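Order of appearance sets the numbers: ligands from 1, and atoms from 1 within every ligand. Here the structure is a predicted model, which is why all the values come from computation and not from measurement. Starting from 1, each residue takes its place in the sequence as its number.
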Amino acid sequence: MKEKEFIHLCQPDSCKSCGACCGLYNYADSRRESLLLRLRRRTELFRNTVKGKGDLAAFSDMIRKAESQDKLYEVIYCCEYLGFLDNEEKRVGCLLHPLQNDGVDLRDVSFYGRELCDGHFCPSYHHLSREEKQSLINIIDDWYLYGLCVTDIDIVKEYFRFISEGICEVPDPERLCEGKLREIALAFFSLKVSWPFRSPESNRFGKYYFDGSQYMISHIDYDSLGAERSRYDKIFLSLSSRFTSLEELKEAEDTIQRNIDEFISCYCEKC
Ligand code: SF4
Ligand code: SF4
């Protein structure tokens with residue numbers, strides 16, 4: 001039997017990639033436009049000043065002086081060697097990687113060391129199914145959104161669980177490459193950046209918050225809203241939600257439900 005091809009979540013294709021475990025989203029200001037400028041500047045500096053290993057200390061020093069070092073979580077490392085791998089700025093990745101340096105691997109100067117940088121596979125590799133991985137890759141072609149979603153196991157699994165229940169099968173990733181279905185699914189995952197009920201707390205990342213010493217899950221207080229735990233609770237947590245009234249909670253549920261219903265009817269009608 002032919003072995004199934006390994007799905008590389010970090011660098012799946014030429015349209016996007018992920019840099020989450022290199023600390024990409026751990027800057028206090030992790031808005032898309034801020035990260036874009038940060039990655040652009042350091043990539044230019046790297047290309048202009050690093051000709052070999054001996055130039056890396058000066059590069060690191062310049063980056064640390066030039067960039068804000070304010071982080072979301074102090075204990076998570078933000079690596080200065082993360083940049084853009086292509087001129088089109090579609091793929092984020094390691095500037096020290098041998099493919100970026102004429103075959104020379106410079107990663108042994110990194111905080112984690114070459115072996116860890118080379119061999120790290122985040123939990124999404126293990127917990128997302130093959131179909132979930134491929135679907136996500138087919139739906140999202142944007143490094144910023146892709147990295148946020150591929151590392152959020154709950155939101156991916158929950159969305160496809162509701163969809164699968166509605167269509168009585170696992171959605172075929174091939175049908176998510178283009179067209180209306182892809183648009184609907186992309187609208188759902190784009191809520192990661194446009195969710196109107198996102199908590200204003202700055203120490204939140206997805207369902208987690210950091211109290212200065214440890215990560216904790218920021219649960220939604222349904223009792224205070226006079227409501228039962230929502231069927232979309234896990235999705236709401238992934239979206240860092242905070243609701244101030246029952247009306248807000250209902251509106252949020254309707255938003256998710258509408259998207260799922262739309263996907264299901266489009267899938268069944270083969271639109
Ligand atoms: S968070 Fe996961 S998918 Fe993203 S770069 Fe790291 S190992 Fe790859
Ligand atoms: S050196 Fe390691 S942590 Fe830094 S960007 Fe490269 S892979 Fe990521």
Side-chain angles (χ1 to χ4, degrees), residues 6-27 30 35-36 38-47 50 52-53 55-64 67 69 71-73 75-86 89-101 103-130 132-157 189 192 205-208 215 238:
F6 175 74
I7 297 180
H8 203 287
L9 288 179
C10 310
Q11 301 283 337
D13 56 40
S14 59
C15 301
K16 74 275 188 170
S17 63
C18 174
C21 60
C22 307
L24 178 61
Y25 303 104
N26 191 38
Y27 293 102
S30 284
L35 292 183
L36 175 70
R38 194 184 275 268
L39 296 177
R40 179 178 293 161
R41 279 199 212 108
R42 65 169 72 151
T43 304
E44 274 172 18
L45 186 68
F46 190 92
R47 301 266 173 258
V50 177
K53 206 171 188 169
D55 300 321
L56 291 173
F59 169 83
S60 174
D61 197 47
M62 282 190 274
I63 291 294
R64 293 187 169 278
E67 294 185 358
Q69 300 300 313
K71 293 176 181 175
L72 205 50
Y73 303 138
V75 290
I76 296 180
Y77 188 70
C78 292
C79 185
E80 67 273 36
Y81 297 114
L82 189 68
F84 283 118
L85 303 181
D86 56 337
E89 300 182 336
K90 289 181 173 180
R91 290 188 298 127
V92 292
C94 182
L95 296 172
L96 303 180
H97 193 279
L99 287 177
Q100 294 291 309
N101 298 287
V104 181
D105 194 337
L106 300 172
R107 289 175 294 181
D108 47 1
V109 304
S110 78
F111 175 79
Y112 293 117
R114 193 186 59 77
E115 276 186 25
L116 257 185
C117 287
D118 190 36
H120 178 69
F121 293 103
C122 69
S124 301
Y125 273 92
H126 310 291
H127 294 295
L128 295 182
S129 70
R130 189 174 181 80
E132 288 163 345
K133 289 173 188 166
Q134 193 57 56
S135 294
L136 208 60
I137 290 168
N138 291 351
I139 293 163
I140 304 175
D141 271 346
D142 160 31
W143 62 269
Y144 186 81
L145 184 62
Y146 176 72
L148 284 177
C149 293
V150 75
T151 49
D152 190 334
I153 294 168
D154 282 352
I155 202 164
V156 178
K157 289 201 115 34
F189 287 108
K192 281 292 280 183
F205 188 74
K207 67 181 176 181
Y208 298 105
Y215 300 99
S238 283

Visitor: Where does Tyr112 meet ligand 2, judged by heavy-atom distances below 4.0 Å: at the side chain, the backbone, both, or neither?
Guide: side chain
Visitor: Against heavy atoms of Cys117, which atoms of ligand 2 measure under 4.0 Å?
Guide: 1 (S), 2 (Fe), 3 (S), 7 (S)
Visitor: Is any N, O or S atom of Cys22 under 2.8 Å away from atom 8 (Fe) of ligand 2?
Guide: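 So Cys22 counts as coordinating atom 8 (Fe) of ligand 2, yes.
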Visitor: Students should be able to answer this: which protein heavy-atom is nearest to atom 6 (Fe) of ligand 2, and at what distance?
Guide: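 Its nearest protein heavy-atom neighbour is Cys94 SG, 2.3 Å.
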Visitor: Using a strict cut-off of less than 4.0 Å between a Lys/Arg side-chain nitrogen and an Asp/Glu carboxylate oxygen, indicate whether Glu89 and Arg40 qualify as a salt bridge.
Guide: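 Yes, Glu89 and Arg40 are salt-bridged.
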Visitor: Return the closest protein heavy atom for atom 8 (Fe) of ligand 1 as residue, atom name and distance.
Guide: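 That would be Cys10 SG, 2.3 Å.
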Visitor: How are the rings of Tyr25 and Tyr144 set to each other: parallel, tilted or perpendicular (split at 30° and 60°)?
Guide: perpendicular
Visitor: Where does the angle between the aromatic ring planes of Tyr81 and Phe59 fall among parallel (under 30°), tilted (30 to 60°) and perpendicular (over 60°)?
Guide: parallel
Visitor: For the residue pair Asp154 and Ser238, confirm or rule out a side-chain donor-acceptor distance under 3.5 Å.
Guide: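 Result is no, nothing qualifies.
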Visitor: Counting C-beta onward and ignoring hydrogens, is there a side-chain heavy-atom pair between Phe84 and Leu36 closer than 4.5 Å?
Guide: yes
Visitor: Number the atoms of ligand 1 from 1 as they appear, then name those within less than 4.0 Å of a heavy atom of Cys21, with their elements.
Guide: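 So the atoms of ligand 1 that pass are 1 (S), 5 (S), 6 (Fe), 7 (S).
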Visitor: Enumerate the atoms of ligand 1 whose separation from the nearest heavy atom of His120 is less than 4.0 angstrom.
Guide: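 So the atoms of ligand 1 that pass are 7 (S).
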Visitor: Could you go step by step and tell me if Asp142 and Lys16 meet the salt bridge (charged side-chain N to carboxylate O under 4.0 Å, His left out) rule?
Guide: CA-CA 5 Å; Asp142 160 31; Lys16 74 275 188 170; over 6 Å; no
Visitor: Quick one, Arg47 and Gln100 - any side-chain contact, counting heavy atoms below 4.5 Å?
Guide: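 In short, these two side chains touch, coming nearer than 4.5 Å.
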Visitor: What residue and heavy atom of the protein are closest to atom 7 (S) of ligand 1, and at what distance?
Guide: Cys122 N, 3.4 Å
Visitor: In ligand 2, which numbered atoms sit nearer than 4.0 Å to a non-hydrogen atom of Ser110?
Guide: 1 (S)
Visitor: Could you go step by step and tell me if Arg38 and Glu67 meet the salt bridge (charged side-chain N to carboxylate O under 4.0 Å, His left out) rule?
Guide: CA-CA 7 Å; Arg38 194 184 275 268; Glu67 294 185 358; 2.9 Å; yes
Visitor: Can you list the ligand 2 atoms lying under 4.0 Å from a non-hydrogen atom of Tyr81?
Guide: 5 (S)
Visitor: When you measure from atom 3 (S) of ligand 2 to each heavy atom in Gly19, Gly113, Cys79, Gly83, which option holds the nearest one?
Guide: Cys79
Visitor: Got Arg107 and Pro98 here, is their nearest side-chain heavy-atom distance under 4.5 Å?
Guide: yes
Visitor: State the atoms of ligand 1, each with its element, that fall below the 4.0 Å cut-off from a heavy-atom position in Thr151.
Guide: 1 (S)
Visitor: Just checking: Cys18, one of its N/O/S atoms, less than 2.8 Å away from atom 2 (Fe) of ligand 1, yes or no?
Guide: no
